[in-house]
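Encoded as structure tokens, the structure appears first; notes follow it.
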Number of protein chains: 2
Amino acid sequence: MTTRWLTPEEQRAWRSYLAASWLLEDTVDRQLQQEAGMPHLYYSVLANLSDAPDRRMRMTDLAETLKITRSRLTYVVTRLEKDGTLRREGCPTDRRGSMAVLTDAGMELLERTAPGHVETVRAAVFDHLTPEQVNQLEAICTRITDVLQGDEESPGCDGLPWRRRSSAE
Amino acid sequence: MTTRWLTPEEQRAWRSYLAASWLLEDTVDRQLQQEAGMPHLYYSVLANLSDAPDRRMRMTDLAETLKITRSRLTYVVTRLEKDGTLRREGCPTDRRGSMAVLTDAGMELLERTAPGHVETVRAAVFDHLTPEQVNQLEAICTRITDVLQGDEESPGCDGLPWRRRSSAE
DNA sequence: AGTTATTGTTTAAAAGTTGAACCAGGCTGA
DNA sequence: TCAGCCTGGTTCAACTTTTAAACAATAACT
């Protein structure tokens with residue numbers, strides 16, 4: 001079968017997307033590094049904890065929502081623990097498990113830096129989009145996320161074989 | 001001034017965006033690593049060269065379009081040169097400069113791997129979006145890119161002070 | 001000529017990433 | 001119950017990437 005190349009519109013969209021996403025990630029990373037002393041991923045760990053019930057999460061769940069390996073998460077959490085923004089606690093119901101718990105210091109850091117972070121995101125993105133565009137963006141990104149997570153079971157689809165193999169294979 | 005938090009719509013959009021962009025970058029990286037033996041950034045260097053007139057570009061221009069530091073680009077190009085996919089040539093008009101030139105091997109690699117890459121992008125993104133959504137995506141991302149690049153000179157704007165200082169300061 | 005700015009590389013240190021190995025605790029079934 | 005397998009999480013060592021500062025060469029301006 002011959003390759004189905006991207007149409008000119010698709011090409012433009014893809015290029016725009018790449019430029020925007022790299023630039024944006026860079027901007028956010030830089031701002032958080034500046035004001036919170038940590039890159040985006042680390043901040044996201046704390047942010048996720050602050051949303052979770054009781055401000056705590058199982059390592060595996062955290063890794064899953066952040067879409068990173070457990071190994072990588074261990075590395076990140078170790079540093080955050082050293083920083084004092086979170087601590088580990090054993091899991092009461094499963095003695096193998098451990099939970100990452102946001103400390104008061106971590107919560108304070110979030111409260112202190114969230115405004116700047118939000119302001120960055122606003123200045124970079126939302127202040128320049130119409131309400132319709134905000135909704136469009138959400139619809140598009142949700143679709144992509146669903147596809148990549150395999151919440152997609154259309155039988156005709158070949159699947160994305162290069163996705164991280166979960167355990168089989 | 002009190003913080004202008006994100007509206008619920010904006011929050012949803014932002015979260016969707018983050019999930020999609022991380023997942024997508026991961027997917028593309030993994031696929032290219034698999035089939036082209038290099039991560040996305042490296043591939044982009046080659047792709048940019050292949051589009052450029054005479055398949056060559058100044059290092060600084062390349063760094064600029066890829067939005068990375070020259071230092072980082074040097075590292076990347078050194079590896080690609082070792083791989084044989086590109087070579088360096090001195091710049092005729094500016095004896096300080098050097099140009100990255102795509103080799104035949106590099107071109108072959110692109111031709112060999114482009115179909116798989118396109119297929120990945122299609123399967124992850126474009127096969128699931130309507131033509132309107134494709135245009136919406138482009139409009140949104142172009143807007144963001146323009147803003148972050150400062151093609152934006154509205155005088156009332158505070159600017160984004162954490163952008164990489166180009167040379168002043 | 002004498003600054004000053006750019007271009008691109010080098011270097012050393014720090015940071016991040018990976019995958020395999022590993023331990024401990026759960027789970028299942030004879 | 002206990003052997004065998006699965007899971008959660010960490011450790012380790014190798015490797016890759018990233019950063020920032022310093023540098024050499026050349027351009028450009030005054």
Side-chain angles (χ1 to χ4, degrees), chain A residues 22 25-26 29-30 32-34 36-45 56-83 86-101 162-169, chain B residues 22 25-26 29-30 32-34 36-45 56-83 86-101 162-169:
Chain A
W22 287 352
E25 182 62 17
D26 200 57
D29 250 353
R30 206 168 290 280
L32 284 175
Q33 191 67 60
Q34 192 77 189
M38 60 182 65
H40 196 184
L41 175 61
Y42 292 65
Y43 187 88
S44 295
V45 168
R56 70 188 54 219
M57 271 202 218
R58 287 293 293 270
M59 292 295 282
T60 295
D61 295 342
L62 208 39
E64 195 134 331
T65 64
L66 293 169
K67 290 121 180 56
I68 62 178
T69 61
R70 279 175 321 213
S71 175
R72 194 173 164 191
L73 179 61
T74 294
Y75 178 83
V76 169
V77 165
T78 301
R79 168 177 151 186
L80 288 175
E81 192 171 27
K82 225 166 277 168
D83 291 352
L86 61 73
R87 69 173 175 282
R88 282 183 235 242
E89 279 184 19
C91 176
T93 67
D94 182 343
R95 269 188 303 180
R96 293 168 300 182
S98 69
M99 319 207 63
V101 188
W162 48 79
R163 290 263 303 299
R164 192 195 313 287
R165 44 254 176 250
S166 28
S167 64
E169 175 183 323
Chain B
W22 287 352
E25 182 62 17
D26 199 57
D29 251 354
R30 206 168 290 280
L32 283 175
Q33 190 68 59
Q34 192 78 186
M38 60 182 66
H40 195 186
L41 175 62
Y42 293 65
Y43 187 87
S44 295
V45 168
R56 69 188 56 220
M57 271 202 218
R58 287 292 293 270
M59 293 295 281
T60 294
D61 296 342
L62 207 41
E64 194 133 334
T65 64
L66 293 169
K67 289 124 181 57
I68 61 178
T69 61
R70 277 167 316 186
S71 176
R72 194 173 163 191
L73 180 61
T74 294
Y75 176 83
V76 169
V77 164
T78 301
R79 168 177 150 186
L80 289 174
E81 191 171 29
K82 224 166 277 167
D83 291 352
L86 62 72
R87 68 174 176 283
R88 282 182 235 241
E89 278 184 20
C91 177
T93 66
D94 182 343
R95 273 189 301 181
R96 291 169 302 180
S98 71
M99 318 207 65
V101 188
W162 47 81
R163 291 261 304 297
R164 192 192 317 286
R165 45 257 179 244
S166 27
S167 62
E169 172 184 327

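Chain naming here is simple, since letters A, B, ... match the order of the sequence lines and numbering starts at 1 in each. What you are looking at is a predicted structure, and each value in this text was computed from that prediction instead of being measured.
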Between CD of A:Glu25 and C1' of C:dG16 the distance, given in whole Å, is 14 Å
So CD of A:Gln34 and CG of A:Leu32: to nearest 0.5 Å the spacing works out to 10.5 Å
Between CZ of A:Arg72 and P of D:dT10 the distance, given in whole Å, is 16 Å
In numerical order, the residues of residues 91-101 of chain A whose heavy atoms come under 4.0 Å of DNA chain D are A:Arg96, A:Gly97, A:Ser98
Whole-Å distance, B:Ile68 CD1 to C:dG8 P, equals 13 Å
Touch class at under 4.0 angstrom, heavy-atom based, for B:Thr78 against every strand present: nothing
Separation of C:dT17 atom P from B:Gln33 atom CD, nearest Å, is 14 Å
Next on the checklist: Below the 4.0 Å mark, does C:dT9 have OP1 or OP2 next to a side-chain nitrogen or oxygen of B:Arg88?
Outcome noted: yes
Q.
Suppose we call a contact any N or O donor and acceptor under 3.5 Å apart; does that hold for the side chain of B:Thr69 and the base of D:dA20?
A. no
query = Are A:Arg56 and A:Leu86 close enough, and set up right, to give a side-chain contact (heavy atoms from CB on, under 4.5 Å), and what steps lead you there?
reply = CA-CA 9 Å; A:Arg56 70 188 54 219; A:Leu86 61 73; over 6 Å; no
| said: For D:dG9 and A:Arg70 - does any side-chain N or O of the residue sit under 4.0 Å from the phosphate oxygens OP1/OP2? | reply: no
Side chain to side chain contact (heavy atoms under 4.5 Å, CB included) filter on A:Arg70, not counting sequence neighbours, yields A:Thr60, A:Ala63
Taken to the nearest whole Å, CG/B:Asp83 to C1'/D:dT16 is 13 Å
When rounded to whole Å, the OH to P distance for the pair A:Tyr75 and C:dG16 reads 4 Å
> Going by atom types only, do B:Arg88 and B:Thr78 share a side-chain donor-acceptor pair under 3.5 Å?
Replying inline: yes
Open item on the list: Determine whether a donor-acceptor pair (one donor, one acceptor, N or O, separation below 3.5 Å) exists between the side chain of A:Ser71 and the base of C:dG19.
Closed with: yes
Notebook entry, point to check: Just to confirm, is there a sub-4.0 Å distance from OP1 or OP2 of D:dT17 to any side-chain nitrogen or oxygen of B:Tyr42?
Noted result: yes
Atom CG of B:Asp29 and atom P of C:dT18 are separated, to the nearest Å, by 9 Å
In whole angstroms, the gap separating C1' of D:dT19 from CD of A:Gln34 amounts to 15 Å
- Charged N to carboxylate O under 4.0 angstrom, A:Glu81 versus A:Arg79? no
In this structure, CD1 of B:Ile68 is separated from CG of B:Leu62 (nearest 0.5 Å) by 7.0 Å
When rounded to the nearest 0.5 Å, the distance separating CG of B:Leu80 from OH of B:Tyr43 is 12.5 Å
